[in-house]
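Everything below concerns the one structure shown next.
In what follows, every heavy atom counts, from backbone to side chain, and hydrogens, waters and symmetry copies are set aside. Just so we're on the same page: letters track the sequence lines, and every chain starts at 1.
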Amino acid sequence: MPELPEVEITRQGFADALQGARLLDLRLGKPLRWPLGVSAKALQGARLGLACRRGKYIWLPLDRPEPLGGLLLHLGMSGSLAFTPEPQVLGPHQHLAIDTSQGCLTLTDPRRFGAAVWSPALDASPARELLARLGAEPFDPALDARTLHAGLKGRRVPIKQALLAGDVVVGAGNIYACEALWQAGIHPATPAARVGPARAERLLGAVRAVLSDALAAGGSTLRDFSSSLGAIGRYQSLVAVYGREGEPCPRCRTAVKRIVQGQRSTFFCPTCQRR
DNA sequence: CAGTGGCCCTGAGCGC
DNA sequence: TGCGCTCAGGGCCACT
């Protein structure tokens, strides 16, 4: 479900409201990808800081008032966070509830690929290892086409899979990687190394444009994404190729093709996108 | 050591 | 209606 825009919109939906709240309790449902790594009791009474985002992870800092680490959250494929004024009874797919003096944050995740892991700090284990392979933030001003090009150099993987891997630039998942490549006119099967400086420049611009358009539209709602306040995304109606196999390319009217790369569907225009 | 495929898990949708 | 199959917005990890 959630790529960078959805995660960021989720974060924005509760970050301010929860900042400074007192953690009253932490309730767990079924196991997520990894164990929490701390007892609820150890966190009771902690003060919540301002939630921030790194890639598709959300970091929720805790203090008591001395630093108490924080919770690293990931929504996996099917996760969503809901912020409500009152504590919620955990439903069958709700596997984490953070009850605070200022509201309740509930993680719903049917497939349970998501995670909530306590770490003593962002740069300490286990958060450090989980974030270690992440590439640059797409909107980091320090990221430029030269850096992107350098990150792609020498790699034989198709550019689509290099984007998805997120070790050069984070944030573009399956939808936005397809959309960015369409916008940049790059065939998804192009070996990453064959994306030269000029195309790297176009690709970076396209990744940024697609992600910022999606942010402005409140993300994409394919099945059930909504923000932590329950708002529905509108980007799916702006999508050019993703999920549109057989439909005309918005630019040239050629039928959109679907291929499989690394067990994930890729959608692209065989006319507009060149190897 | 880069690249590949398996796998974690549940639900929806579709053809029969 | 029910069964079995495929597919789904992610990413770690073992293996080649």
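- Across the strands present, C/dG9 finds no partner; the criterion is a Watson-Crick or G-U wobble pair with both atom distances under 3.5 angstrom.
- In the set B/dT10, C/dG9, C/dC12, the nucleotide with an atom closest to the side chain of A/Tyr242 is C/dG9.
- Straight-line distance between the P atoms of C/dG11 and B/dC1: roughly 24 Å, to the nearest whole Å.
- The NZ-C1' distance, from A/Lys160 to C/dG11, rounds to 14 Å in whole Å.
- A close approach under 4.0 Å does not occur between any side-chain nitrogen or oxygen of A/Ser78 and OP1 or OP2 of C/dA8.
- A/Tyr235 comes within 4.0 angstrom of no nucleic acid atom, judged by non-hydrogen atoms across all strands.
- Using a 3.5 Å distance cut-off with no hydrogens or angles, the side chains of A/Arg258 and A/Ser265 do pair a donor with an acceptor.
- Regarding contacts with the backbone of C/dG10, every side-chain N or O of A/Arg111 stays at 4.0 angstrom or more from both OP1 and OP2.
- Heavy-atom distances to DNA chain B give each of A/His93 and A/Arg33 a nearest nucleotide, and the one nearer the 5′ end belongs to A/Arg33.
- DNA chain C is contacted by both A/Leu134 and A/Phe267; A/Phe267 maps to the nucleotide lying nearer its 5′ end (nearest heavy atom per residue).
- Considering only side-chain atoms of A/Arg264, the nucleotide from C/dC12, C/dC7, C/dG10 that sits closest is C/dG10.
- Between the side chain of A/Arg112 and the base of B/dC9, no donor-acceptor pair under 3.5 Å is found.
- With rounding to whole Å, A/Leu163 atom CG is found 13 Å from C/dG11 atom P.
- Looking at A/Arg156, its side chain has no donor and acceptor atom pair within 3.5 Å of the base of B/dA2.
- Between the side chains of A/Ser220 and A/Gln236, no donor-acceptor pair is found at a separation under 3.5 Å.
- Nucleotide C/dC12 holds its C1' atom 9 Å from the CG atom of A/Leu130, rounded to whole Å.
- Within 6.0 Å of the CD atom in A/Glu201, the count of heavy atoms belonging to other residues, nucleotides or ligands does not exceed 12.
- By the criterion of a centre-to-centre distance under 5.5 Å and near-parallel planes under 30°, the ring of A/Phe113 forms a stack with the base of B/dC8.
- One atom, CD of A/Gln161, and another, C1' of B/dG5, lie 11 Å apart when rounded to the nearest Å.
- Atom P of nucleotide B/dC9 and atom CE of A/Met77 are separated by 14 Å, given to the nearest angstrom.
- Counting non-hydrogen atoms of neighbouring residues, nucleotides and ligands closer than 6.0 angstrom, the CZ atom of A/Arg22 exceeds 12 such neighbours.
- Across all strands, A/Tyr176 comes closer than 4.0 Å to no nucleic acid atom at all (heavy-atom distances).
- Taking atom CD on A/Gln263 and atom P on C/dG9, their separation rounds to 12 Å, with Å as the unit.
- A distance of about 14 Å separates the P atoms of C/dT6 and B/dG6, rounded to the whole Å.
- Taking atom NZ of residue A/Lys56 and atom C1' of nucleotide C/dC12, one finds them 14 Å apart after rounding to whole Å.
- The CG atom of A/Leu4 sits 17 Å away from the P atom of C/dG9 (whole-angstrom rounding).
- The phosphate of C/dC13 (OP1 or OP2) has a side-chain N or O of A/Arg133 nearer than 4.0 angstrom.
- No donor-acceptor contact under 3.5 angstrom links the side chains of A/Gln183 and A/Glu179, judged on distance only.
- For an aromatic pair to be called close, the ring centres must be under 6.0 Å apart, and A/Tyr242 with A/Tyr176 fails this.
- Which of B/dG3, C/dG9, C/dA8 sits closest to the side chain of A/Arg155 comes down to B/dG3.
- Nucleotides C/dC7 and B/dG5 place their P atoms 15 Å apart, quoted to the nearest Å.
- When both distances must be under 3.5 Å, the Watson-Crick or G-U wobble mate of B/dC9 does not exist.
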